[in-house]
Amino acid sequence: MAADRRVAEGLEHLKEAEKCMKTSFFKWKADYDGAASAYTKAGTCFKTAKSYDQARQAFLKAAECNVQNNVMFHAGKAYEQAGMMCKELNDLNRAAQLIEKAGHLYREHGVPDTAASTFDRVAKLLEPTNPQKSVEYYLIGSDITECEDRPRQAADFQKKAAKLLVRMGNYDRAVEVLKVEKKFQIEGENGPEVSRVTVELVLCQLARGDFVAAEKAYKDAYGIPGFTESDHCRELAELLDAYDENDQERLSSVAARPMFKFMDNDYAKLARGLQAPGGGEGGKKKKAELLDEGIEEGMEKGQLENREDGGGEDEDEFAGGLC
């Protein structure tokens with residue numbers, strides 16, 4: 001069968017690699033280049049045959065030989081392949097460690113584009129199981145692309161990290177990451193994306209219960225070309241007003257509008273879950289109730305004072321009798 005043939009072929013490549021690694025009286029140094037090539041071929045054969053554990057071991061040996069031969073780019077490729085075999089074996093933590101190692105090798109040896117895309121892949125790999133670690137990988141990717149003077153790509157990594165932080169409910173750190181993303185979007189002269197980040201910043205600040213910071217994030221966006229005429233500006237103004245007025249009904253109504261509804265799912269969910277600071281009671285209703293209570297209290301107090309004052313006058317007027 002095809003799988004068996006590929007496994008047999010892989011075993012032959014392993015024998016070839018072992019020969020390259022042997023030394024003798026006439027061969028003082030191992031042939032790391034030949035061994036790396038043979039191990040890589042063996043790993044590819046095992047991978048095709050879906051013998052993932054054998055493939056992982058072969059790729060790891062190929063990586064070690066490339067390191068010994070000081071061919072770091074190919075070492076990184078071999079570590080990355082070994083990591084993908086770990087993924088197939090459902091060993092995600094080990095997969096992440098190996099792919100991260102590959103990313104650092106790419107970065108240290110002059111291939112930042114490949115390094116950034118590698119950290120992007122490992123971050124996506126860990127999103128479902130270890131989102132906190134995934135955030136760190138996205139931020140490494142952002143750092144790499146920032147050093148290469150590519151602010152839009154750096155912003156994209158920050159965007160992915162912020163979304164995960166919001167999903168985890170870590171709004172404090174999400175705010176920090178969004179501020180950095182906004183800086184990169186401004187540097188990249190990406191006006192529409194700056195407006196989007198502004199909306200996300202406001203939502204996160206409100207989720208933290210910090211209306212002052214939310215209002216500041218909103219007002220800071222006035223200088224963005226086109227922002228003050230946009231739906232973002234109008235809808236945020238209403239959202240902030242409803243929150244400030246402690247009007248839960250209006251707040252929920254604004255948050256259900258299309259601009260918020262069709263945002264990325266994590267932010268749409270955040271908008272729907274916003275709570276007015278006064279326990280959810282409508283602000284205008286609450287103000288009216290307080291006003292009514294104040295009027296009633298004032299009337300009762302006035303009546304009581306009149307009654308007391310009137311009683312005193314009557315007593316004084318007739319204290320000496322009718323004469």
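- Taking all atoms of both residues into account, the shortest heavy-atom contact from Cys147 to Arg107 is SG-NH2, 4.3 Å.
- Between the side chain of Ser230 and the backbone N or O of Phe227, at least one donor-acceptor pair lies under 3.5 Å.
- In this structure the side chain of Tyr106 never reaches within 4.5 angstrom of the side chain of Pro112, judged on heavy atoms.
- Ala242 is linked by a side-chain contact (heavy atoms from CB on, under 4.5 Å) to Arg250, Leu251, counting only residues two or more places apart in sequence or in another chain.
- In this structure a side-chain-to-backbone donor-acceptor pair under 3.5 Å is missing from Ser253 to Glu249.
- For the pair Ser134 (side chain) and Ala123 (backbone), a donor-acceptor distance under 3.5 Å is present.
- There is a side-chain donor-acceptor pair under 3.5 Å between Gln81 and Lys47.
- Listed for the Ser37 side chain is no donor-acceptor partner under 3.5 Å among the backbone atoms of Asp33.
- Salt-bridge annotation for Arg152 and Asp156: absent, with no side-chain N of the basic residue lying under 4.0 Å from a carboxylate O of the acidic one.
- The hydrophobic clustering, which links ILVMFWY residues whose side-chain heavy atoms are closer than 4.5 Å, places Ile140 and Val177 apart.
- A heavy-atom distance below 4.5 Å is found between the side chains of Asp172 and Asn170.
- One finds the OG1 atom of Thr198 at 10.5 Å from the CD atom of Glu193 (value rounded to the nearest 0.5 Å).
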- side-chain contact (heavy atoms from CB on, under 4.5 Å) evaluation trace for Arg173 with Val135: CA-CA 11 Å; Arg173 195 166 181 211; Val135 167; 4.0 Å; yes

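- In this structure, Asp264 contributes its side chain and Asp266 its backbone to a donor-acceptor pair below 3.5 Å.
- You'll find the side chain of Val254 stays beyond 4.5 Å of the side chain of Asp241, heavy atoms only.
- With hydrogens and angles ignored, the 3.5 Å screen pairs no side-chain donor or acceptor of Tyr79 with any backbone N or O of His74.
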Exercise for the section: Applying side-chain contact (heavy atoms from CB on, under 4.5 Å), run through Asp210 and Val212 and close with a yes or a no. Expected result: CA-CA 6 Å; Asp210 193 340; Val212 173; 3.8 Å; yes

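- Taking each heavy atom of Leu203 and Phe260 in turn, the nearest pair found is CD2-CE2, 4.2 Å.
- Separation of atoms SG (Cys204) and OH (Tyr267) is listed at 5.0 Å; rounding is to 0.5 Å.
- A donor-acceptor pair under 3.5 Å links the side-chain atoms of Asn66 to the main chain of Ala62, judged by distance alone.
- Hydrophobic clustering of Ile, Leu, Val, Met, Phe, Trp and Tyr side chains at less than 4.5 Å, counting indirect connections, keeps Leu105 apart from Met85.
- Atom NZ of Lys183 has more than 12 heavy atoms from other residues, nucleotides or ligands within 6.0 Å.
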Output, in order, the C-alpha distance, side-chain angles, deciding distance and verdict of side-chain contact (heavy atoms from CB on, under 4.5 Å) for Gln275 and Leu206.
CA-CA 9 Å; Gln275 293 293 316; Leu206 291 180; over 6 Å; no

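- The closest side-chain heavy-atom distance from Val7 to Gln54 is below 4.5 Å.
- A salt bridge between Arg196 and Glu200 is present, with a side-chain N of the basic residue lying under 4.0 Å from a carboxylate O of the acidic one.
- Contact check on Lys261 versus Glu235 returns no salt bridge, with no Lys/Arg side-chain nitrogen under 4.0 Å from an Asp/Glu carboxylate oxygen.
- When all heavy atoms of Lys124 and Pro128 are compared, the pair lying nearest together is O-CD, 3.8 Å.
- Note on Ile99: it clusters hydrophobically with Leu89, by side-chain heavy-atom contacts below 4.5 Å among ILVMFWY residues.
- A salt bridge between Glu238 and Arg257 is present, with a side-chain N of the basic residue lying under 4.0 Å from a carboxylate O of the acidic one.
- Note that CG of Leu201 and CD of Glu181 are 8.5 Å apart. Values are rounded to the nearest 0.5 Å.
- Contact check for Phe59 versus Tyr39: no side-chain heavy atoms found under the 4.5 Å cut-off.
- Between the NZ atom of Lys159 and the CD atom of Gln185 there is a distance of 8.0 Å, given to the nearest 0.5 Å.
- The backbone N or O of Ala276 sits less than 3.5 Å from a side-chain atom of Gln248, completing a donor-acceptor pair.
- Shown here for Ser195 and Ile224, the closest heavy-atom pair between the two residues is OG-CG2, 4.3 Å.
- For the pairing with Cys45, the side-chain contact (heavy atoms from CB on, under 4.5 Å) check across Glu12, Glu9, Arg5 returns one residue only, Glu9.
- A donor and an acceptor atom, one from each side chain of Tyr137 and Glu100, are located under 3.5 Å apart.
- Taken from CG in Leu240 to NZ in Lys219, the straight-line distance is 9.5 Å, to the nearest 0.5 Å.
- The minimum heavy-atom distance between Leu126 and Leu92, with the atom names listed, is CD2-O, 4.1 Å.
- Side-chain contact check for Asp53 and Gln57: at least one donor-acceptor pair (N or O, by modelled atom type) lies under 3.5 Å.
- With sequence neighbours left out, the side-chain hydrogen bond (donor to acceptor under 3.5 Å, both in side chains) criterion links Asp231 to Arg234.
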Exercise. Dump the intermediate steps for side-chain contact (heavy atoms from CB on, under 4.5 Å) on Phe157 and Val180, then the final yes or no.
Key: CA-CA 11 Å; Phe157 279 109; Val180 177; over 6 Å; no

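- Taken together through direct or relayed side-chain contacts under 4.5 Å among Ile, Leu, Val, Met, Phe, Trp and Tyr, Phe262 and Leu274 form parts of separate hydrophobic clusters.
- Val199 and Tyr171 fall within a single hydrophobic cluster, where Ile, Leu, Val, Met, Phe, Trp and Tyr side chains are chained together by heavy-atom contacts under 4.5 Å.
- Looking only at side-chain heavy atoms (C-beta outward), Glu108 and Met72 stay at 4.5 Å or farther from each other.
- At distances below 3.5 Å, at least one donor-acceptor pair connects side-chain atoms of Tyr218 with backbone N or O atoms of Cys233.
- With a 4.5 Å cut-off on side-chain heavy atoms, Tyr32 and Met21 count as touching.
- Ring geometry, His104 versus Phe119: the interplanar angle exceeds 60°, so the pair is classed perpendicular (tilted spans 30 to 60°).
- The residues Arg150 and Asp113 are annotated as salt-bridged, a charged nitrogen and a carboxylate oxygen being separated by less than 4.0 angstrom.
- A 6.0 Å sphere centred on CD of Glu189 holds no more than 12 heavy atoms belonging to other residues, nucleotides or ligands.
- Contact of the Ser51 side chain with the Arg6 side chain is not registered, since no non-hydrogen atoms from C-beta on lie closer than 4.5 Å.
- Judged purely by atom type and a 3.5 angstrom limit, Arg56 has no side-chain atom pairing as donor or acceptor with the backbone of Cys86.
- In terms of heavy atoms, Lys87 sits closest to Leu125 at CD-CD1, 3.5 Å.
- Once rounded to the nearest 0.5 Å, the distance linking CG of Leu165 with CD of Glu176 reads 9.0 Å.
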